[in-house]
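Worksheet: the structure to be examined is printed underneath.
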Amino acid sequence: MAEMTRDEKIFKLAKIITDRKEILLGMEKMSKNAPEYWGIDCGLQYVERRYGKDIETEALDLALKMGKRKPKTFAQLKALCGLEDERLKTVLEALCQSSLVEWHFENLDGKNPQHEQRWVLDMFVPGSAEIMMMRPEIAPVTPQVADFFERMTFLPLAGITQMVPPGGAGIGMHVIPVEQAIPANCESLDVEHISHWLKKYEGQIGVGICSCRKQQRIRGEGSGDIEQYWCIGVGDFADYCRETGMGHDITYDEAMEILHKAEEKGYVHQITNIDGENKIFGLCNCAVGICNALRTSQLFNTPNMSRSAYRAEVDSEKCVACGKCVEVCPAGAVRLGQKLCTRNGEIEYPKQELPDDNVWGEDKWNWNYRNENGVIQTWPTGTAPCKAACPLHIAIQGYIKMASEGKYREAQELIKRDNPFPAVCGAICRKYCEDECTRGTIDEALAIDDIKQFIAAQDLNAEHRYVPPMCSTTREHFDQKIAIIGSGPAGLACAYFLAIEGYYPVVFEKDPVPGGMMVTGIPNFRLEKEVVNAEIDILREMGVEFRCGIEVGKDVTISQLREEGYKGFFVAVGLQYGGKLNVPGDDAENVMAGVDYIKKVNLGTAKPLSGNVVVIGGGNIGADVARTAIRQGAESVQLYCLEAYEDMPMGEEDQALCEADGIKIHAGWGQTAILTEDGKCAGITFRKCVSVKNAEGRFDPKFDDSITAEEKCTTVLYCIGQKVDWKNLLAGTKVEFNRNGTAIADPVTLQTKEPDIFVGGDAYSGQKFVVDALAMGREGAVSLHRFVNEGQSLTIHRNTRHFTPLNKDDIVVSDELRRKPARAVRGIDKSKVLTMRDEHLIFTEEQIKSEASRCLSCGRSVVDTNKCIGCGMCTVQCKFDAIHLNRSGGDEFSRMIPAEDKFKAIGAYAVKRGFKIIKKKAGLGKSDK
C-alpha cells in the first residue's frame, strides 16, 4: 500500500478528532476546504517552521495513533511509535507547540494513580482551537486558524443544539452565575459556585489571553472587547499554559479580582463542561459580541446550551428602569417596559418560543443576535418617556428615586454613568425629558432638571468629588494616543468616556481656557464658570490632558500629530463664526455677532455698553445676548426677530426672563439696513416679516415691504445663526462637507471619509444643545476606542441607544398618583438680579422630596425568562435591589457529563422532545411560550 500523503494523513486525523456529523456519517468528505484541515495544517506548519519537516512528519504520524482524548504516558507513546527517547521528547514538544496535543498529570479516569505526565490529543473545541489562538506564535503567521476556530464552534452544532438537554450535554462551555447573586436560602449545588472551583484548584490557577476576543480581532469582527488576560485556567491546564508561554500563575484573590472586574463590564462567567462534574480546566469571562460559546445558545435560540439553573426576576416596585441591566444582558432577555397599566390592563409581555416542543430550523435562529442582545433597549410598547427623550438616556427615574431617599452621592454616580456634566446640564439643559414627562399629561412635568442640579451641587460642594473609576475592557490603561480637537461639550464628553475606558486623551483648544462655548459662549448668569471649571477639573483627575492656546491647523497640523503618534482624532470645534448680517452698513463699528460679544464678556475683554442696544434673533442665544447687554451697561435693549411671538424658538421661559429683565421683544421683523454716523452704528431699519417657513416647512421668509420700522441705537448684536469656521484644520484630509459647512460623517459611528478622523457636536450636526453634543461625544469615544484597536468593528454589538417611549395616551394613573403637590419652583436671590451671577436658588431638600414624590415611576425592566441564561450580570449592575436570581431550574441544569457521553444524552433528550412535538401537534400539549 502506498504511503499516505501529508494531506491524506491530515484528512484522517481530522476525521478522528471532529464532532461534525456530516463527516462522521459520511455525508461529506474531508477536504482542504474543511475547517478541520485548516486547523491541523496551521499547527503543523508551525512545527515545520520551528522543528523541520522530519519532525513534522513524525508528529503527524504519532498523532494518528494517539486516539482523541485518550491520555497516554511517555512509555505508552514510545511503544506506539518506537522512537528513541530524545526524539520522542522532541516530537511531543512539537505536538504540544502545534496545539493539537497537551499534557497533564491528573487521574480523572482512574488510570493514572501515580499522577504521571500524560499526553492527550485534544478535541477541536474546547481544545486545540482555543490553544492555537492563545499561542502568540501561530495566528500571526497563519491567521486562518481564526476561521478554523470560528467554524468549529458553529458547524458541529448547527442543527443539533435544539436537541441538547438542560446542562449542555458535555458540550463546550456552560454559564456559572455571579456568586453573590445566588440566593442564600436556595439549595444550590457546589458546582454552581465559582468559589467551589477556585478553592478546588487553589495553588493551580492561572490566566491567559482570551481566544475568542483574539480570533474575532483577527477576523475583523471585534466588538470593542479587547483581548487581554480574562480567561482563567485551573488545574494542570494552568500549569500547562504557564510552561508553554500562554499564561501566568495568579492567586485565588487575584482570580476573584478578575471576576469582579468582569462583572463590572458585564462579562459572563462560563466554565468548561466536557469532563464531568469533577473537573473543569477553564473559567472564562465572556462578551456576547465575540464569544463563540455564548453564540451556541444565542444564534441558534437554544438556551439549554448555556443556561444555568437560575433565572432573573424583577421586583417591579423597586425597579426604576435605569436600564443598566438591559445593557449587559447577553441573552437580550431583559428590556425596559412600563409599570403603568393601559386602559386594557397591565401589559402582557411576550416570551421567546423554545425548541423543547417545537420543530426548530434555521427560521428560528437569530443571525443578528450580536446587534440585538444588550442593544435593543425597550419592549415595543415602550418605557419611561423621560429616558427615551434624553439624548444621553440618563437613568432619570433612578436618580430621582435616590434623591428622594437622600442618597445624593449614589444619585450622582448613577448620572455620571451617562452624563459627564450634570451640573452644567442642571443649569442649561434643553430639558427634552420634561417635554415628554408623563406627569405633564396630568398637571405639570416634573422639575427633572432642577433635581439634577441639586444633586450635582452636592457633589461640587463635597470635599471629595466623585471621580469615575477606569473600567477598561482590558483592566489596564491603553497606550494609544488620541487627540480631541475642541474642548466644548462634545470634545469633553469624548475625553471623559475615553478616560473611563482607560485612555489618556489629549484635548487641543485654541482659546486660553478649556470648555468651549460652555465657558466662552454662555453668559455667567446662566452657567457660572466655576461650575464648568469644577467639572472640567474632574476630567483632569481622570487623566485627561489639556493643551490650550494651540490651534490645530495653524500651530500644529493633523499630519504632524500623526507623526507624533496620534492614532485617532475627534474633531468638535463647534460653530464659532457668527456670520454677517448682509445688509448695507453691517460693517459699521459696534455691529457684531452676539456670540463674539458674549465671548469677550466671558474672557473679560468686552467694553461696557451704553444707550439703546438692539439684539437680532429670537432663539436662546438671542435671549442670552439681550440679557447680557442689559447687565453690561445698556440703558435699554430691544430684541427683534423674524418669527411671530408665539413661534419664537427661545420658548416661553426665555421670553419671560427677557421681559422680567426689562427687554422689549419685537416679533415679526427682518432687518434691512444699518444706519451709521461717522462709521459708527446709529440705528437699524426693519420690514415686516409675514411668514418664516414655506409650505414644506423650510426656512423661506416672506416680507411686506410696505410696513417698516426704524430703531435708533448705539449697538447691534445679531444672532442669526452660527457657522463652522474650519480654517486650515482639515486641510489635506479627505473629510467632506455639507453645503452649510458642517462635516459629513456616518450617523452612527461619526467617522468621516478620512478613516482616523471622527467628528461631533455642532460642527457635525449644526446648531443643537449641550446635551446633544454630549451624546455625540460619547459615541465618538465608542468609535475611537474601537478604531485604534486593530480588528474591531465600529458597529458590531454597538449600543445604538434607541429607546421607544410608552404611549401616554393609553395609560391609567391612580388617584393616589394624581394627588401630589404642585410643581416646585426655584427661589430667586434678589441680590443677584440683573448681575452676572445666577439669580436662581437650587432646590431645598424639602423641595427635592416634594418634587420626587410627583414622579409616576413609569418604567420598569421586564425579563423574558425563556431567554434568560441565569448569568446574574443584571444583578451586579442594579443599584436598587430590584432584580434577583431565583433557582427556578432543577438540578438537571447543572448536570455535567463527559464529552464522550454527549450523543447518548442528546439522543435520550431528542426522543422525549420528539414526543412533546407530536403531542403538541395533536393538540394534547401546550407550548412553552
Per-pair distances, 0.1 Å, donor-acceptor, side chain in residues 824-843, under 3.5 Å, sequence neighbours excluded:
residue, atom, partner, partner atom, Å
R826, NE, L841, O, 3.0
R826, NH1, Q453, OE1, 3.2
R826, NH2, Q453, OE1, 3.2
D829, OD1, S831, N, 3.1
D829, OD1, S831, OG, 2.6
T835, OG1, K832, O, 2.6
T835, OG1, R837, N, 3.1
R837, NE, E528, OE1, 3.4
R837, NE, E528, OE2, 2.9
R837, NH2, E528, OE1, 3.1
D838, OD1, H840, N, 3.0
D838, OD1, H840, ND1, 3.2

Residues passing the salt bridge (Lys or Arg N to Asp or Glu O under 4.0 Å) test with E405, sequence neighbours excluded, are K401, K407

Validation row: Q458, Q412 side chains within 4.5 angstrom (heavy atoms) = no

Query - Expected output: side-chain T520 to main-chain G516 donor-acceptor under 3.5 Å - result: yes

Taking V613's backbone N and O only, do any of them form a donor-acceptor pair with T715's side chain (distance below 3.5 Å, no angle check)?
no

* Strictly by modelled atom types, are Y408 and E845 linked by a side-chain donor-acceptor pair under 3.5 Å? -> yes

For R823 and L446, indicate whether the former's side chain and the latter's backbone hold a donor-acceptor pair under 3.5 Å.
-> yes

So do P821 and S850 actually touch side chain to side chain, heavy atoms under 4.5 Å?
-> yes

Steps toward salt bridge (Lys or Arg N to Asp or Glu O under 4.0 Å) verdict (K820, D443): CA-CA 10 Å; K820 294 294 179 181; D443 41 49; over 6 Å; no

ask   = Is a side-chain N or O of Q632 found less than 3.5 angstrom from the main chain of R627, in a donor-acceptor match?
value = no

Distance col, row R409:CZ vs M402:CE, nearest 0.5 angstrom, shows 12.5 Å

Cut-off 3.5 Å, side chains only: do E711 and Y640 have a donor facing an acceptor? yes

Kindly indicate whether the side chain of C641, heavy atoms from C-beta on, has any atom under 4.5 Å from the side chain of I616. no

- For the residue pair Q638 and N612, confirm or rule out a side-chain donor-acceptor distance under 3.5 Å. yes

A572 meets the side-chain contact (heavy atoms from CB on, under 4.5 Å) criterion, sequence neighbours left out, with A490, F570

For E413 and R417, what are the C-alpha separation, side-chain angles and deciding distance, and is it a salt bridge (Lys or Arg N to Asp or Glu O under 4.0 Å)? CA-CA 6 Å; E413 291 180 17; R417 294 279 296 272; over 6 Å; no

When rounded to the nearest 0.5 Å, the distance separating CD1 of I720 from CD1 of I621 is 11.5 Å

- Is I442 close to L856 at the side-chain level, that is, under 4.5 Å between some pair of heavy atoms? yes

(Q) Testing the 3.5 Å rule here: is there a donor-acceptor pair between the side chains of Y718 and D586? (A) no

- prompt: Do the non-hydrogen side-chain atoms of M542 and I538 ever get within less than 4.5 Å of each other?
  reply: yes

Within a strict 4.5 Å, meaning less than it, do heavy atoms of the L730 and F737 side chains meet?
-> yes

Rounding to 0.5 Å, atoms CD (Q655) and CD (E646) come to a distance of 9.0 Å

>> Within a 6.0 Å radius of atom CZ on F703, are there more than 12 heavy atoms belonging to other residues, nucleotides or ligands?
In response: yes

Taking the side chain from E509 and the backbone from I485, do they hold a donor-acceptor pair closer than 3.5 Å? no

Is the terminal nitrogen or CZ of R631 (NZ for Lys, CZ for Arg) located under 6.0 angstrom from the six-membered ring centre of F525 and within 45° of that ring's axis? yes

Q) Under the 3.5 angstrom rule, does the side chain of E659 hit a backbone N or O of K664 as a donor-acceptor pair? A) no

Note to self: For K431, is there an ion pair with E436 - N to carboxylate O distance below 4.0 angstrom?
What the structure shows: no

Exceeds 12 heavy-atom contacts within 6.0 angstrom, atom CD of E530: yes

Just wondering, do L498 and I484 contact through their side chains at under 4.5 Å, heavy atoms?
yes

Between side-chain atoms of residues 671-682 and protein atoms elsewhere (two or more places apart, or another chain), which donor-acceptor pairs fall under 3.5 Å?
residue, atom, partner, partner atom, Å
T672, OG1, T685, O, 3.1
T672, OG1, T685, OG1, 2.6

Would you say K600 has more than 12 foreign heavy atoms packed within less than 6.0 Å of its NZ?
-> no

Between the CZ atom in F454 and the CG atom in D459, the distance rounded to the nearest 0.5 Å is 12.0 Å

inquiry  = A quick test of your reading: do over 12 heavy atoms of other residues, nucleotides or ligands sit less than 6.0 Å from CD of E545?
reply    = yes

request  = Spell out, as yes or no, whether a donor-acceptor pair under 3.5 Å connects the side chain of E643 to the backbone of V692.
outcome  = no

Residues 762-771, side-chain donor-acceptor partners within the protein, below 3.5 Å, at least two apart:
residue, atom, partner, partner atom, Å
D762, OD1, K768, N, 3.1
S765, OG, G761, O, 3.2

Requested in this report: Before accepting this row, confirm whether a basic side-chain N of the pair K599/D596 lies closer than 4.0 Å to the acidic partner's carboxylate O.
Outcome: no

Could you tell me whether D772 and R430 have a side-chain N and a carboxylate O separated by less than 4.0 Å? no

Interatomic distance, CD1@I848 vs OG@S853, rounded to 0.5 Å, equals 11.0 Å

Going by heavy atoms in the side chains, are V571 and W726 under 4.5 Å from each other? yes

So side chain to side chain donor-acceptor pair (under 3.5 Å) across residues 384-394, not counting sequence neighbours, yields none

